[in-house]
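Heads up, the thing below is written out as structure tokens.
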Amino acid sequence: MEKARLRLAPSPTGFLHIGNLRTALHGYLLAKSKKGLAEGQGKFILRIEDTDEKREVEGAVEGLIKVLDWAGIKFDEGPGIGGEFGPYVQTQRLDTYDFYAKKLLAENSAYRCFCTPERLQEMREKQSDMKLPPRYDRLCRNLNVEQIKENMDQGKPYVVRQMMPLEGEVIVNDILRGEIKFNASDLDDQVLVKSNGVPTYHFASVVDDHLMEITHVTRGDEWLPSFPKNVLLYQAFGWEVPKFIHLALILNKSGGKLSKRQGDVFVEDFRAKGYLPEAIINFCALMGWHDKTDKELFTMDELLESFSLDGMGASPAIFDLDKLDYLNGYYLRRKSVSELAVLIRPFLTENLVQAHFSLQTPAYLEAVAATVQERLKKLSDVVDMTRFYFIDKLAFPKEMLAWKTMTSQQAIINLQELKTILEQISIDDWRTAKLEESIMAWLKTNDKKVGEYLWPLRVALTGEKYSPGPFEVMGVMGKENSLKRVDQAIA
RNA sequence: GGCCCCUUCGUCUAAUGGUUAGGACAGCGGCUUUUCAAGCCGUUAACAGGGGUUCAAUUCCCCUAGGGGCUACCA
């Protein structure tokens, strides 16, 4: 059996982007799925890439771990979890990077660069004026020992740069795309260690992936351009190159980069709106992966059975909110009523604030939940959908009571008729099924038009054009409150 | 500009050197029906373009176009 150790290596710069969750999920499943890389025996590791203190956001690591856990992605090793390859936070591994940077320097695979940011800036401007690709001009690449010593003695700050081959081809292999060729002459002498002594992503991730024995690197394909540089670095160390799987980006509706501007992009946003982890996971799995059968509805457990490398593709996917909504509605409908009641509770505070205490019981919430379950796309929809259940007096124009071509006067007359019937129904019989039975029977025997009675009744009860049916609503609200609404509509 | 990646219905995606190019979401129509949903049934809709290779190309190759990414002492 193939060994598989994969990692998620986020930088703690804020919330978790939905695209990163997709990357995380695919990596996780490759490690853990029965049809994955290692028959479900792979390891999934969390490593925090916090080498850019400028972009770091307070509390982001905790947030990341929390939301990943919510989504159902578990780690075998990582900060707070442990493991034999720790620490799993890069700023706690600075000595390690220092050691390997010195090694590279000693072996002449890297060099110190004393160029100031100002000089680099100027250089790039000149290059782009001359329509040349902006690239380090390698001024410091050929500094002799004395010059280096002199600069160091003067305490000049320096970065460590990777020494790229001057000519030839670098051929790399991506699992999803096969061979990719780069000209060595197109490769910049990448910065490995910044002047503050902290490594760049490029350097730290290669060192860590090797030391942590990562076998397969999954990452976004925005890293494809640095792939040859990574490979060269492995070769400079004499290390085996792990397999690379570059996942295509997730794009917005117009095909551009999915960004905050166009709406929700963070998993936390979706969670706050009431999307279920089941839906998000199913949705993310399907972007860039497809089962060999036509099956599309997958729980995490099912993905753990079916997800495989050969179902993965390399083309970018556009984020389709409609499909996410569908999936979320689907999983919402599959919840038990009591589960749903618990889920909607946090969204209902606005409604409950104005409600009589008798309307705040778990039992009432469950009854309410049952009537809106099949209508919800996301949990936050529950607010508007159930408002009428919690308020004392409805406000709606009388004309709304009229069904199709009937007048509101006629609607009120019909309501009065219904009222007498309803009053005769005992509290014990005041249940949705029984109410429906009685009213429908009455309508039939008296040869009444169903719509001319049920529409006004429903509007009287809910004050809404669209809502659950009158029998369901009366079943939830009880006799007293239901009749009160009918009276209010008649008055 | 340079380098790299990608290209099947609007969207996510199957399949195949010879198919009526399949499924799902969305759309549309119908059934059901007091409304909205849900459900069921049906239906519109795609191989980016041009060259090759071949008896045959959506499938293999090349070019073009389009889209995207990278081009920092950010990841």
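Lettering of chains follows the sequences in order, A, B, ..., and the numbering in each one begins at 1.
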Query - Any pair counted as ring pair (Phe, Tyr, Trp, His ring centres under 6.0 Å), so long as it reaches residues 177-201 of chain A, sequence neighbours left out - result: A/Tyr201-A/Trp223

Requested in this report: Output all residues satisfying salt bridge (Lys or Arg N to Asp or Glu O under 4.0 Å) with A/Arg375, sequence neighbours left out; order by chain, then residue number.
Outcome: A/Glu472

Requested in this report: Under 4.0 Å between any heavy atoms, over every strand shown, what does A/Ala314 touch: base, sugar-phosphate, or nothing? Just pick one.
Outcome: sugar-phosphate

Query raised in the report: Where do A/His246 and A/Phe227 land on the ring-ring contact (aromatic ring centres under 6.0 Å, His included) test, with the steps shown first?
Result: CA-CA 10 Å; A/His246 289 93; A/Phe227 192 11; 4.9 Å; yes

Requested in this report: Determine, for nucleotides 24-36 of chain B in 5'-to-3' order, which nucleotides have protein heavy atoms under 4.0 Å from the base (write B), from only the sugar-phosphate (write S), or from neither (write -).
Outcome: BSS-------BBB

Query raised in the report: Using a cut-off of 4.0 Å on non-hydrogen atoms, how would the nucleic acid contact of A/Gly178 be classed: base, sugar-phosphate, or nothing?
Result: nothing

Query raised in the report: Where along nucleotides 70-75 of chain B does protein come under 4.0 Å, by heavy atom, of base (B) or sugar-phosphate alone (S), with - for untouched nucleotides?
Result: SSSBBB

Report summary line: The ring pair (Phe, Tyr, Trp, His ring centres under 6.0 Å) partners of A/Tyr158 (sequence neighbours excluded) come to A/Phe114

Report task. Check every strand shown and say whether A/Gly220 touches a base, only sugar-phosphate, or nothing at a heavy-atom separation below 4.0 Å. Result -> nothing

Query raised in the report: Under 4.5 Å between any side-chain heavy atoms of A/Leu461 and A/Met477, yes or no?
Result: yes

**Report entry** Any A/Gln190 side-chain heavy atom under 4.5 Å of A/Met164 side chain
**Finding:** yes

Query - A/Asp137 and its salt bridge (charged side-chain N to carboxylate O under 4.0 Å, His left out) partner, picked from A/Arg124, A/Arg119, A/Lys126, A/Arg161 - result: A/Arg119

Requested in this report: Looking at every strand, decide which applies to A/Phe182 at a 4.0 Å heavy-atom threshold: base, sugar-phosphate, or nothing.
Outcome: sugar-phosphate

Query raised in the report: Are A/Phe298 and A/Phe283 close enough that their ring centres sit under 6.0 Å apart?
Result: no

Query raised in the report: Listed in order of residue number, which residues of residues 163-177 of chain A have a non-hydrogen atom at under 4.0 Å from RNA chain B?
Result: A/Arg177

Query raised in the report: Of the candidate nucleotides B/C5, B/G68, B/G2, which contains the atom at the shortest distance from the side chain of A/Asp186?
Result: B/G2

